[in-house]
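Down below is the structure, laid out as structure tokens.
All values below were derived from every heavy atom in this structure, side-chain atoms included, with hydrogens, water molecules and symmetry-related copies excluded.
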Amino acid sequence: MSGREHPLAAGSTILSAEAKELYLAVVRGDGELPSAGDGDQDGSARDELVRIGLLVPDSDDPTVFVAADPTQLSTSLSHSWQRQALEFLSRAVSLPSELQDLAREFHSPKQSGGSIEHVRGKALIRQRLEQFRDSGFEEALALQPGGPRQPDLLARMIAYDLNTLRSGTKMRTIYHASTRYHQPTRDYVATLARAGGQYRTLDEPYTRLIVMDRRVAVIPIDDDMSLAAFIYDPAVVDYLAKEVFEQYWSRALEFDGDRTVPRQVVSRLRQTIIDQMLEGTNHRVIARRLGISERTLARHIAEMRDDYKVDSLFQLGYVLGRKAQEAVD
């Protein structure tokens with residue numbers, strides 16, 4: 001590519017002040033400029049004008065340069081640079097997919113037969129997950145216990161997750177049933193469900209699990225999620241996907257962000273509340289375990305009092321205890 005065809009960097013000027021002065025001098029003179037000679041003071045400016053195409057060799061005498069029309073040159077260069085810009089844009093868009101196989105190989109473990117990598121620190125764990133996501137993947141499976149997600153986290157995730165779904169990636173996620181009572185989580189799920197994401201809820205205990213492309217599985221090691229194991233062994237990853245995630249998925253209930261909570265979800269949730277109350281667990285602990293607010297817990301208890309036609313929490317506990325005993329007898 002010649003100098004006149006190569007686009008300039010953003011913010012650069014087309015010509016230096018010296019080149020402009022030399023061009024004006026040529027135009028205001030006889031329109032010609034001899035080629036370089038010994039001691040030539042205008043060599044650099046002349047070379048600049050020749051590279052851009054504002055000075056061209058005379059067809060009758062190649063040792064003499066003549067001035068070219070800036071308007072014609074501007075039109076020609078503009079069209080040429082626009083074509084090049086479109087080519088660069090096209091290459092930039094296709095680059096990630098063209099390098100996807102190389103990125104996967106770069107991030108894959110080097111040991112044959114698979115391995116397990118321990119990553120400590122929530123920031124490093126998140127960074128490691130982002131590396132896998134950025135390398136491109138076709139399927140993501142996730143078990144996400146712990147109740148509703150934080151609104152600021154959902155806000156940060158939604159744009160990325162939408163782009164992931166629109167790129168053709170299949171995403172399936174299981175949340176705790178309590179997320180159905182959380183408006184920000186419902187809004188997040190509703191938006192992604194319309195884009196093709198699949199969500200379900202489960203009221204039984206389960207631990208966190210992420211599986212990407214059946215190539216890597218991520219599980220927590222510490223209760224506070226500050227240490228995680230990245231598992232690359234194909235047999236183990238396949239087992240976790242089929243025998244853990246898929247089994248939970250088959251028992252979970254569909255969730256599309258709808259505000260209406262299925263009766264089956266309410267029934268299971270209240271049974272869990274009853275079980276916790278019969279064990280003597282206080283309300284704050286029950287609410288935390290279920291991932292719901294104490295106000296939501298109080299509403300469920302009030303509705304159960306109505307269902308069992310009792311006036312007080314003590315009476316509700318007595319009735320529930322009697323029913324539990326009758327079930328044992």
Side-chain angles (χ1 to χ4, degrees), residues 1-107 130-138 155-171 191-192 194-197 213:
M1 183 179 292
S2 68
R4 64 177 291 183
E5 294 174 333
H6 201 294
L8 298 173
S12 301
T13 57
I14 300 295
L15 293 173
S16 66
E18 294 77 12
K20 287 183 177 180
E21 289 180 7
L22 179 58
Y23 180 83
L24 292 174
V26 172
V27 171
R28 291 165 182 168
D30 56 8
E32 297 181 349
L33 181 69
S35 60
D38 295 338
D40 182 16
Q41 298 296 317
D42 298 319
S44 177
R46 183 183 56 250
D47 291 343
E48 187 178 344
L49 292 170
V50 171
R51 283 196 302 270
I52 198 68
L54 284 173
L55 286 182
V56 296
D58 192 319
S59 57
D60 296 328
D61 184 359
T63 64
V64 174
F65 292 99
V66 296
D69 183 354
T71 301
Q72 293 182 357
L73 177 65
S74 173
T75 301
S76 174
L77 284 182
S78 177
H79 291 165
S80 174
W81 290 357
Q82 287 179 48
R83 286 195 301 271
Q84 292 174 41
L86 290 174
E87 290 175 4
F88 280 120
L89 179 60
S90 177
R91 292 172 63 184
V93 171
S94 64
L95 185 61
S97 60
E98 290 182 5
L99 299 183
Q100 180 173 316
D101 291 343
L102 301 181
R104 286 180 177 176
E105 183 64 25
F106 179 83
H107 292 294
E130 289 173 353
Q131 287 177 347
F132 281 101
R133 290 169 179 163
D134 292 342
S135 67
F137 58 101
E138 298 178 357
R156 292 198 304 270
M157 291 169 51
I158 192 164
Y160 178 86
D161 288 344
L162 278 173
N163 288 334
T164 300
L165 287 168
R166 289 165 180 165
S167 70
T169 299
K170 298 179 181 178
M171 297 173 62
T191 300
L192 294 185
R194 287 192 294 269
D213 272 354

TODO: Check V26 against A67 and note the closest heavy-atom contact, atom names and distance.
DONE: CG1-CB, 4.2 Å
Open item on the list: Would you compute the distance between atom CZ of F137 and atom OG1 of T169 and round it to the nearest 0.5 angstrom?
Closed with: 5.0 Å
- [ ] Say whether, by atom type as modelled, one donor and one acceptor occur between the side chain of D213 and the main chain of E138 under 3.5 angstrom.
- [x] yes
Task: Closest heavy-atom pair and its distance - G196, L165 - done: C-CD2, 4.2 Å
Open item on the list: Rounded to the nearest 0.5 Å, what separates atom OG in S76 from atom CG in D69?
Closed with: 11.5 Å
Open item on the list: Using the side-chain contact (heavy atoms from CB on, under 4.5 Å) definition, which of the options V56, L49, V50 pairs with F65?
Closed with: V50
TODO: For residues L15 and L54, determine if any side-chain heavy atom of one lies less than 4.5 Å from a side-chain heavy atom of the other.
DONE: yes
Task: Any side-chain heavy-atom pair of D161 and T191 under 4.5 Å - done: no
- [ ] Supply the atom-to-atom distance N163 CG to I158 CD1, rounded to the nearest 0.5 angstrom.
- [x] 11.0 Å
Task: Point-to-point distance, once rounded to the nearest 0.5 Å, from CD of Q84 to CG of L77 - done: 9.5 Å
Open item on the list: Please tell me whether S16 and E48 have a donor and an acceptor in their side chains that are separated by less than 3.5 angstrom.
Closed with: yes
Open item on the list: Testing the basics here: between A68 and G53, what is the closest heavy-atom pair and its distance to 0.1 Å?
Closed with: CB-O, 3.4 Å
- [ ] Give, for atom CH2 of W81 and atom CG of L86, the distance between the pair rounded to the nearest 0.5 Å.
- [x] 15.0 Å
Open item on the list: Please give me the minimum heavy-atom distance between L22 and R46, naming the atom from each residue.
Closed with: CD2-N, 3.5 Å
TODO: Using modelled atom types only, decide if a donor and an acceptor are shared between the side chain of S90 and the backbone of E87 within a distance under 3.5 Å.
DONE: no
